[in-house]
Protein chains: 4
Amino acid sequence: MDKLIFSQEFHFPVQIYYEDTDFSGVVYHANFLRYFERAREEIIGAAELKQLWQEQQCGFAVYRCDMICHQGVEFADTLDVRSQVAMESQYRSVWKQAIWRQGANRPAVTATIEMVSLGPDRQLIPMPPQVLARLQQPCQG
Amino acid sequence: MDKLIFSQEFHFPVQIYYEDTDFSGVVYHANFLRYFERAREEIIGAAELKQLWQEQQCGFAVYRCDMICHQGVEFADTLDVRSQVAMESQYRSVWKQAIWRQGANRPAVTATIEMVSLGPDRQLIPMPPQVLARLQQPCQG
Amino acid sequence: MDKLIFSQEFHFPVQIYYEDTDFSGVVYHANFLRYFERAREEIIGAAELKQLWQEQQCGFAVYRCDMICHQGVEFADTLDVRSQVAMESQYRSVWKQAIWRQGANRPAVTATIEMVSLGPDRQLIPMPPQVLARLQQPCQG
Amino acid sequence: MDKLIFSQEFHFPVQIYYEDTDFSGVVYHANFLRYFERAREEIIGAAELKQLWQEQQCGFAVYRCDMICHQGVEFADTLDVRSQVAMESQYRSVWKQAIWRQGANRPAVTATIEMVSLGPDRQLIPMPPQVLARLQQPCQG
């Protein structure tokens, strides 16, 4: 994937609550995928996602995720989810995402996540142009 | 609700995994509602629920739940979810549900949960007859 | 509970993501308890909760919750969780909480939730004074 | 990882409930990691995991997971989670896990998951011998 051209980096904050942890005292690993997803939805836009679904029954699905948990994340942490995206084809986007704890000098969790665009019958469709435009916008905040 | 005629008691087992607990060492309270829901789905039948949704866009929604957590539930516990149901009207079922830890002499969690039947536009509809029949069947297992 | 003196109303925003919904198209009911909990943690303060746990093994547990779901909450909704709290005794706080969808003229979900303070052996303890002080502070934001 | 010697295949059933799906109509992707975890806990043994935690503050953490979602999993599905495990070192186990829908001729989800054993300070420790023994036992049921 070396030839992919990645977007600038988007930032998304996540606060860790009771519900995110398990009895071992740190965040349950599957939850990291939820934070990555929230960040992607924020970048694409929740209203856009809803409209695409309602008008065209078009959605997105995770095809692959490869995640490494370098360090535990704790209750009350405030996380910075950092995301960059590239189009691998018109059907598939590749996201490099990382979770940073406040004050850390390396990420706690890193992941490469591949998303596909799906139509009404869950068949592959090209990424809708309005979403493409969002992903190539300068980031805010 | 004294005049309601409740069904016999159904039993449903739940095993507690990492994902169910939080850092305080016990099950996160909102999860109890998930176990009660699983038990209700098992009683009504997952296949029946799916068919009702696909053919008639008919589903069920929790209207009210009143839950008391008497005691913490721990990792590795095997729970017995006990359920009784009564029809309050043709639109609404009332469920008395309780979570028992193995070997306990009183329930860890008790709840009264009211469910309504909803049609395609989320309007109230009478409980479908095949579901009514399931609820009045002798229980299995 | 008519004689309880409730605090001013705190506001807490919740964005609804894919993870919050189920196949019926609306938010899964148990998740509302998670949003209420997040709002309470924000009011008490995540850092304070962490410190109490680490230094005194003191925490909070939901003893009872009585929730009514008046209306479905949808994907991409931005919610306002409104909370008021009163002390019923030195051990127990009572929270009146409600979930408002944007632009609504009545809440989608309302709940009364009773919390108790627990010590290292999960025995009842008086609410720690620093938490009491937080709950009686003027709200921010 | 070609030289790793994998155990026989363990089977673990998972029933899909409302809570597992999202509004797109299929299982939310992060939940697959929960099913894989449940299967691993069942193989190692919940009681053993609890005892290790209470007596030695020893636990397990996911270090890496690489998951591919080939096909959507639907409400009311009954899944067969198939797992094989190999020791990569005394600290790290590698799990090949797959989710099969009933009647399918290929898995819906496949994953390679690396687990590490952690001691009281979340430092790497060798896999406890009683767990090693469990993983090398002939599987049941």
Side-chain angles (χ1 to χ4, degrees), chain A residues 14 19-41 46 49-54 56-74 92 95 97 108-124, chain D residues 14 19-41 46 49-54 56-74 92 95 97 108-124:
Chain A
V14 169
E19 64 182 275
D20 296 294
T21 58
D22 66 34
F23 78 92
S24 74
V26 293
V27 169
Y28 182 71
H29 68 290
N31 291 338
F32 296 129
L33 294 189
R34 295 163 56 200
Y35 313 151
F36 289 133
E37 164 92 24
R38 292 181 200 171
R40 294 192 305 267
E41 291 185 35
L49 282 168
K50 188 173 186 174
Q51 195 181 1
L52 277 168
W53 179 256
Q54 289 182 332
Q56 303 174 37
Q57 295 238 274
C58 163
F60 299 90
V62 169
Y63 170 67
R64 182 174 190 162
C65 67
D66 187 2
M67 174 170 74
I68 299 181
C69 304
H70 306 274
Q71 190 189 14
V73 170
E74 294 178 13
R92 187 180 304 207
W95 299 73
Q97 298 190 282
V109 183
T110 52
T112 302
I113 294 171
E114 299 177 37
M115 302 280 294
V116 289
S117 313
L118 297 180
D121 301 314
R122 293 188 69 78
Q123 81 281 23
L124 279 184
Chain D
V14 169
E19 65 182 274
D20 295 294
T21 58
D22 66 35
F23 77 93
S24 75
V26 293
V27 169
Y28 182 73
H29 68 289
N31 290 339
F32 296 129
L33 294 189
R34 296 163 55 200
Y35 312 151
F36 289 133
E37 165 90 24
R38 291 181 201 170
R40 294 192 304 268
E41 291 185 36
L49 283 167
K50 187 172 186 174
Q51 194 181 2
L52 277 168
W53 179 257
Q54 288 182 333
Q56 305 173 37
Q57 295 238 275
C58 162
F60 299 90
V62 169
Y63 170 66
R64 180 173 192 163
C65 67
D66 187 2
M67 173 170 74
I68 299 181
C69 304
H70 306 274
Q71 190 189 15
V73 171
E74 294 178 13
R92 187 179 306 208
W95 299 72
Q97 298 189 283
V109 184
T110 52
T112 302
I113 293 170
E114 299 177 36
M115 301 281 295
V116 289
S117 313
L118 298 180
D121 302 314
R122 293 189 67 80
Q123 82 282 23
L124 280 183

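What's counted below: heavy atoms across the whole structure, side chains too, no hydrogens, waters or symmetry copies. Within every chain, numbering begins at 1; the chains are lettered A, B, ... in the order of the sequence lines, protein sequences first and strands thereafter. Everything numeric in this text was worked out from a predicted model, so none of it was measured.
Contact residues of residues 20-30 of chain A toward chain D are A:Phe23, A:Ser24, A:Val26, A:Tyr28, A:His29, A:Ala30 (heavy-atom distance under 4.5 Å). Of residues 56-63 of chain A, those residues with a non-hydrogen atom less than 4.5 Å from any non-hydrogen atom of chain D are, in numerical order, A:Val62, A:Tyr63.
Ranked by heavy-atom pairs shorter than 4.5 Å toward chain D, the options A:Arg64, A:Arg34, A:Glu37 are led by A:Arg64.
In this structure, CD1 on D:Ile68 lies 9.5 Å from SG on A:Cys65, to the nearest 0.5 angstrom.
For chain A, the nearby part of D:Arg122 is the side chain; its heavy atoms alone come within less than 4.5 Å.
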